[in-house]
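Working notes for the structure below.
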Amino acid sequence: MTTDGFTTCLWFDGQAEEAAHYYVSIFKNSRVERVGRHTDAGPGPAGSVLAVEFTANGQRFMALNGGPQFTFNESVSFQIFCSDQQEIDHYWNRLTENGGEGGSCSWLKDRYGLSWQVVYDRLLDLLNDPDPERSARVARAMMSMGKLDVAALEKAYAGD
């Protein structure tokens, strides 16, 4: 391979540049790298955006204006592991603003229909505790939530 890691290509119907700027505005260590435009050779109108290379949270992405043929669905999601409630609130609020929608158990869809999981970074440890009562309490608490509530998860874990 000629580069390290992978680049995730996200298919949009005309919103590639808008989406790239949106994601870059949410995450640290982010920037738009390059905007590629159609030439006279097409297939889109000359000068219109074909694809946008960008980095979000240090990860490389390509936003492609591919057309209406394909849309996002829940079979693929991005997980954001957060250390505290403030981070969870930030990402949840930013990704659900202006047309996004919250789901259950940390899942949400952003305004473009892309699925995300905004996860407490201790959640897997809490759910996999060797004490089955503790892990069951955490699982029940999580299943009742949309956006995760760190204090409630920790309280369930402690048995309070």
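Heavy-atom basis, side chains included; hydrogens, waters and symmetry copies ignored.
- Under the 4.5 Å side-chain criterion, counting only non-hydrogen atoms from C-beta, F27 is in contact with Y91.
- For the atom pair CH2 (W92) and CD (E97), the distance works out to 14.0 Å, reported to the nearest 0.5 Å.
- Across R94 and S25, no two heavy atoms sit closer than the pair NH2-OG, 2.9 Å.
- Distance CD/E53 to CZ/R31: 11.5 Å, rounded to 0.5 Å.
- Remark: T8 OG1 to M62 CE distance equals 11.0 Å, nearest 0.5 Å.
- Within the 4.5 Å cutoff, the side chain of S106 has no heavy atoms near those of the Q79 side chain.
- Using modelled atom types, one finds no donor on one side chain facing an acceptor on the other under 3.5 Å when comparing D110 with Y22.
- Side-chain contact between K147 and V118: absent, with no pair of heavy atoms (C-beta onward) separated by less than 4.5 Å.
- Between I88 and C82, the shortest heavy-atom contact is CG1-CB, 3.6 Å.
- One N or O on the side chain of S135 and one on the backbone of P132 form a donor-acceptor pair closer than 3.5 Å.
- Under the 4.5 Å side-chain contact rule for hydrophobic residues, W107 and F81 do not share a cluster.
- V32 and V49 fall within the same hydrophobic cluster, defined by Ile, Leu, Val, Met, Phe, Trp and Tyr side-chain heavy atoms under 4.5 Å apart, directly or through other members.
- Counting all heavy atoms, side chain and backbone alike, A156 lies closest to A141 at CB-CB, 3.9 Å.
- A 4.5 Å side-chain heavy-atom check between R134 and L126 finds every atom pair outside the cut-off.
- Annotation: Y112 is in aromatic contact with F12 [ring centroid separation under 6.0 Å].
- Using a 4.0 Å cut-off between charged side-chain N and carboxylate O, R122 and E154 make a salt bridge.
- The closest side-chain heavy-atom distance from Q69 to W11 is below 4.5 Å.
- Counting only heavy atoms from C-beta outward, the side chains of S104 and M143 never approach each other to under 4.5 Å.
- Across D129 and Y157, no two heavy atoms sit closer than the pair OD2-OH, 2.5 Å.
- Here the side chains of L64 and L50 are in contact, with some heavy-atom distance below 4.5 Å.
- In the hydrophobic clustering of ILVMFWY residues, with side-chain heavy atoms under 4.5 Å counting as a link, F70 and L10 come out apart.
- Scanning both residues, M145 and A152, for their nearest heavy atoms gives CE-CB, 3.6 Å.
- Expressed to the nearest 0.5 Å, how far CG of L148 lies from CG of D89 amounts to 10.5 Å.
- Here K109 does not pair with E101 in a salt bridge; the nearest charged N to carboxylate O distance is not below 4.0 Å.
- Rounded to the nearest 0.5 Å, atoms OG1 (T71) and CG (D13) are 10.0 Å apart.
- Counted within 6.0 Å of CG on D40, heavy atoms from surrounding residues, nucleotides or ligands total 12 or fewer; the atom is thus considered open.
- With contacts defined as side-chain heavy-atom distances shorter than 4.5 Å, the pair L95/I80 qualifies.
- F78 and F61 have their aromatic ring centers within a separation under 6.0 angstrom.
- With rounding to the nearest 0.5 angstrom, the OG atom of S115 is 9.5 Å from the CZ atom of F72.
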